[in-house]
Protein chains: 2
Amino acid sequence: MEGFPEKGIKMGNMTIKDIAKKCGVGVSTVSRAMNNHPDINPKTKELIMKTIEEFNYVPNNSARNLKRIQSKAIAVLVKGIGNTFFSDIVSGLERECQKKNYSCILQHVEEQEDELDIALHIIKEKKLQGLIFLGGSFSHPKEKMEQLEVPYVLSTIRTAGENCEQYAAVSVDDFKESYKMTEYLLQLGHERIAILTAPKEDESIGKLRLMGYAQALKDKKIPVQEELIGYMDAKKDRYSFQTGYKLTKELLKKTDFTALYATSDTLAIGACRALKEAGISVPDECSVAGFDGMEAGEFYIPSITTIRQPVEKIAKATAELLFDMIKGKEVPRQLVFEGELLERESTAFSSCHESVK
Amino acid sequence: MEGFPEKGIKMGNMTIKDIAKKCGVGVSTVSRAMNNHPDINPKTKELIMKTIEEFNYVPNNSARNLKRIQSKAIAVLVKGIGNTFFSDIVSGLERECQKKNYSCILQHVEEQEDELDIALHIIKEKKLQGLIFLGGSFSHPKEKMEQLEVPYVLSTIRTAGENCEQYAAVSVDDFKESYKMTEYLLQLGHERIAILTAPKEDESIGKLRLMGYAQALKDKKIPVQEELIGYMDAKKDRYSFQTGYKLTKELLKKTDFTALYATSDTLAIGACRALKEAGISVPDECSVAGFDGMEAGEFYIPSITTIRQPVEKIAKATAELLFDMIKGKEVPRQLVFEGELLERESTAFSSCHESVK
DNA sequence: TTGTAGGCGTTATCAC
DNA sequence: GTGATAACGCCTACAA
């Protein structure tokens with residue numbers, strides 16, 4: 001009989017009306033108290049807040065979103081859960097949002113889902129002011145992109161298509177960085193350089209990185225050999241350890257090479273495992289290079305030579321560009337950052353040269 | 001002047017009424033068409049769906065959630081983004097939900113956020129039927145847990161507190177598995193076994209794993225030495241490569257040991273790096289063991305000896321238990337699965353013994 | 001089979 | 001400062 005106030009109200013179903021009634025005020029006053037409106041008596045506000053606390057009242061977000069003109073919020077759509085490379089960018093993005101006093105909604109997108117459809121839904125639902133896309137190969141028809149009625153920025157992705165000029169994007173120059181890495185391997189004396197890359201149909205960073213590789217070879221008058229290219233399976237998990245492992249095994253079966261350039265650090269780590277199992281030592285008998293600059297590559301043994309993407313800078317620039325676009329201060333632009341070639345333990349001079357001595 | 005139908009309607013702001021008007025029908029008919037209600041003329045439905053398509057109408061989820069009594073949905077709250085161990089469980093969970101035709105909302109929780117507050121909000125907003133908690137140390141006061149008015153299951157976590165009996169939980173027996181690993185290291189002849197573990201104040205799996213370690217030592221009459229215990233910093237990122245690396249460096253400075261038991265695979269990998277830099281070879285001079293059975297440990301060189309948690313089984317059981325609880329067929333229960341000791345390359349007999357020969 | 005109207009829980013706009 | 005009240009966009013009786 002004693003215990004809870006009133007007669008056992010189902011606390012979970014409290015509404016703003018109930019709180020108003022308990023405090024003997026109107027609903028609008030409660031609303032004002034919750035939303036930090038200025039014109040409210042501090043004492044009334046205090047009473048209301050205490051009551052809210054006491055009854056564990058939680059306002060209904062759906063009703064809020066429905067009524068609100070626009071919330072001070074953006075969303076980050078991440079394609080590819082478990083890609084730890086994105087985690088760092090997301091952290092940076094969240095930090096920037098906090099600074100600007102925006103809330104940042106993190107939304108995962110499954111590999112087979114369409115990020116645009118999800119974007120359309122969530123914009124409406126949350127009354128978003130902007131969007132950031134992370135991951136995915138992003139080759140959507142122009143008309144569909146135009147349905148997005150809020151500013152958006154692609155982060156660390158870029159489409160290889162023609163009309164890419166109209167999208168705001170922040171990333172490294174995947175072609176150039178890939179060229180850089182290939183050139184580095186060539187300078188080490190490697191001529192047979194295998195590559196692990198995206199599925200053939202990829203039109204995004206995967207394609208750009210492959211093109212950078214090919215161009216570097218061509219500029220050295222070395223023919224690009226199809227047998228040295230390991231394409232991922234479009235349906236399987238893409239940039240994973242397992243994929244790197246399998247592709248390397250297959251490559252090893254049909255050809256040989258003195259260096260292997262994996263277009264992500266995860267792929268590179270998988271490759272090292274496959275090489276070890278084949279009794280090939282890295283880097284003495286085969287050099288391995290990655291891409292991204294993930295923490296895992298730094299701790300791996302041997303640590304992985306890679307192109308480090310400046311994630312903090314990219315995150316910061318992405319957020320700033322988006323906020324400027326929201327304010328109307330900016331138009332969609334493409335920002336390019338310089339990657340950094342990190343020479344680590346997994347690469348060395350080609351042993352073919354040494355054997356000459 | 002030509003082009004878009006009607007006079008340049010802002011497509012993003014279309015409502016169900018607009019669609020109804022365009023089709024010359026009532027809103028309820030449109031609603032019925034969208035929600036696959038049976039009692040509707042197929043031809044009317046077709047017309048409506050075509051119009052929706054044409055105008056890229058997207059229904060407002062907030063309004064839907066507001067009206068709906070309950071949606072067929074659950075949420076998974078994950079604390080600790082970038083913990084790849086959770087990714088696998090999440091995948092399994094999503095698969096199970098699909099089977100049951102439930103939708104599964106993935107919600108990240110920041111390290112400093114309170115998962116319970118988020119849970120309370122999202123339950124109301126999405127009218128959830130159930131919840132799954134992944135990660136976090138979960139030591140909430142009982143009264144607060146009771147505010148959750150839908151069934152929930154803790155997955156791969158368990159509180160070390162007293163009244164843990166009342167929560168539904170699915171996991172391995174962290175104490176026992178930890179005991180098992182320590183015993184294994186002891187059997188290899190190691191006596192000075194360092195451990196990398198959660199912050200002192202941890203009341204969750206971290207504590208349980210430490211207790212398992214201590215018990216195994218005690219049972220062998222080996223005293224537990226505080227100097228061999230590396231506690232994480234509660235404020236920093238916890239189960240990370242970096243943490244493993246730093247703790248090991250510190251341990252190395254003040255003491256010596258022939259084996260190191262890291263209570264996660266990520267910690268173990270960080271530890272291996274630190275040992276390598278100290279010129280200590282793994283496993284010849286120091287064995288290293290992890291916990292979890294993550295993919296990264298399998299690909300690492302040397303591959304990491306670990307306790308593999310049966311993630312698929314845990315995911316499946318978690319989902320099933322939750323759905324049974326939702327249906328009222330089950331009460332909160334604790335399900336325990338057996339971990340598997342995976343002997344890999346990072347552990348070996350103690351060299352102290354070898355040197356005797 | 002279809003349309004009308006009321007209400008879900010908020011916030012915003014008024015008067016007071 | 002405060003309290004009614006009208007939206008917000010959708011779903012769902014109920015009536016036709």
Side-chain angles (χ1 to χ4, degrees), chain A residues 9-49 52 55-73 120-128, chain B residues 9-49 51-52 55-72 120-128:
Chain A
I9 295 134
K10 267 287 257 180
M11 306 170 120
N13 301 324
M14 287 268 242
T15 77
I16 196 172
K17 277 186 190 165
D18 300 319
I19 297 294
K21 210 169 289 171
K22 298 227 178 294
C23 296
V25 300
V27 286
S28 31
T29 309
V30 178
S31 178
R32 276 191 280 265
M34 290 193 299
N35 297 291
N36 293 317
H37 278 245
D39 50 347
I40 183 171
N41 186 324
K43 283 186 73 173
T44 322
K45 180 168 179 177
E46 196 188 343
L47 167 66
I48 292 172
M49 295 315 277
I52 287 178
F55 288 90
N56 298 121
Y57 161 67
V58 176
N60 184 315
N61 247 327
S62 297
R64 281 187 142 166
N65 290 330
L66 182 59
K67 183 61 196 176
R68 261 202 272 258
I69 306 299
Q70 58 171 210
S71 59
K72 242 189 141 187
L120 256 18
H121 271 93
I122 198 171
I123 288 172
K124 270 212 170 179
E125 178 174 348
K126 307 275 190 185
K127 300 266 164 50
L128 298 179
Chain B
I9 295 134
K10 265 287 255 182
M11 308 170 121
N13 300 326
M14 287 268 241
T15 75
I16 196 171
K17 275 187 191 164
D18 300 319
I19 297 293
K21 211 171 289 169
K22 298 228 178 294
C23 296
V25 300
V27 286
S28 39
T29 310
V30 178
S31 177
R32 277 189 278 264
M34 289 192 298
N35 297 291
N36 293 317
H37 278 246
D39 49 350
I40 183 172
N41 187 324
K43 283 187 72 174
T44 322
K45 180 167 179 178
E46 197 188 343
L47 168 67
I48 293 172
M49 295 315 277
T51 312
I52 288 179
F55 288 90
N56 298 120
Y57 163 68
V58 177
N60 183 318
N61 246 327
S62 296
R64 283 187 145 169
N65 291 331
L66 183 58
K67 185 63 194 178
R68 262 203 274 258
I69 304 300
Q70 59 171 209
S71 58
K72 239 188 143 187
L120 256 19
H121 272 92
I122 198 173
I123 288 172
K124 269 210 172 184
E125 179 174 348
K126 306 277 188 184
K127 301 266 165 52
L128 298 180

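Proteins come first, then strands; the chains are lettered A, B, ... in the order of their sequence lines, and each starts at number 1. The model shown is predicted, which means the values in this text are computed figures rather than measured ones.
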Apply side-chain contact (heavy atoms from CB on, under 4.5 Å) to M34(B) and I19(B), showing your working. CA-CA 11 Å; M34(B) 289 192 298; I19(B) 297 293; over 6 Å; no
Partners passing side chain to side chain donor-acceptor pair (under 3.5 Å) against [X] (at least two apart in sequence or in another chain):
X: K45(B); result: N36(B)
X: S31(B); result: N35(B)
X: N61(A); result: E125(B)

Quickly work out the [X] [atom1] to [N] [atom2] distance and round it to whole Å.
X: N61(A); N: dG9(C); atom1: CG; atom2: C1'; result: 11 Å
X: I52(A); N: dT10(C); atom1: CD1; atom2: C1'; result: 13 Å
X: N65(B); N: dT10(C); atom1: CG; atom2: C1'; result: 14 Å
X: I48(A); N: dT11(C); atom1: CD1; atom2: P; result: 12 Å

Which heavy-atom pair separates [X] from [Y] by the least distance, and what is that distance?
X: L66(B); Y: A63(A); value: CD1-CB, 3.7 Å
X: R64(A); Y: P59(A); value: NH1-CG, 3.7 Å
X: F55(B); Y: K22(B); value: CZ-CD, 3.3 Å

Would you say the side-chain atoms of K127(A) pair up with the backbone N or O of N65(A), donor to acceptor, closer than 3.5 Å? yes
For S62(B), answer base if it contacts any base atom (sugar-phosphate contacts may also be present), sugar-phosphate if it contacts only those atoms, and nothing otherwise; contact means non-hydrogen atoms under 4.0 Å. nothing
For [X], check side chain to side chain contact (heavy atoms under 4.5 Å, CB included) against everything at least two apart and list the hits.
X: K67(B); answer: none
X: L47(B); answer: C23(B), T51(B)
X: K17(B); answer: T15(B), V27(B)

Protein and nucleotides 5-8 of chain C: nitrogen or oxygen contacts under 3.5 angstrom:
| from | atom 1 | to | atom 2 | distance (Å) |
| --- | --- | --- | --- | --- |
| dG7(C) | N2 | K67(B) | NZ | 3.4 |
| dG7(C) | N3 | K67(B) | NZ | 3.4 |

Looking at K72(A), I want to see if its NZ is surrounded by more than 12 non-hydrogen atoms of other residues, nucleotides or ligands under 6.0 Å. yes
Does a side-chain N or O of T29(B) approach OP1 or OP2 of dG3(C) to a distance below 4.0 Å, or not? yes
Kindly compute the distance separating CD1 (I52(B)) from CG (D18(B)), expressed to the nearest 0.5 Å. 11.5 Å
By a strict heavy-atom criterion of less than 4.0 Å, which residues belonging to residues 32-40 of chain B are in contact with DNA chain C? R32(B), D39(B), I40(B)
Using a 4.0 Å cut-off to any heavy atom of chain A, which nucleotides of DNA chain D are the first and last in contact, reading 5' to 3'? dG1(D) to dG9(D)
Through what angle, rounded to 10 degrees, does the axis of the helix from dT1(C)-dA16(D) to dC16(C)-dG1(D) turn between its ends, using five pairs per end? 40°
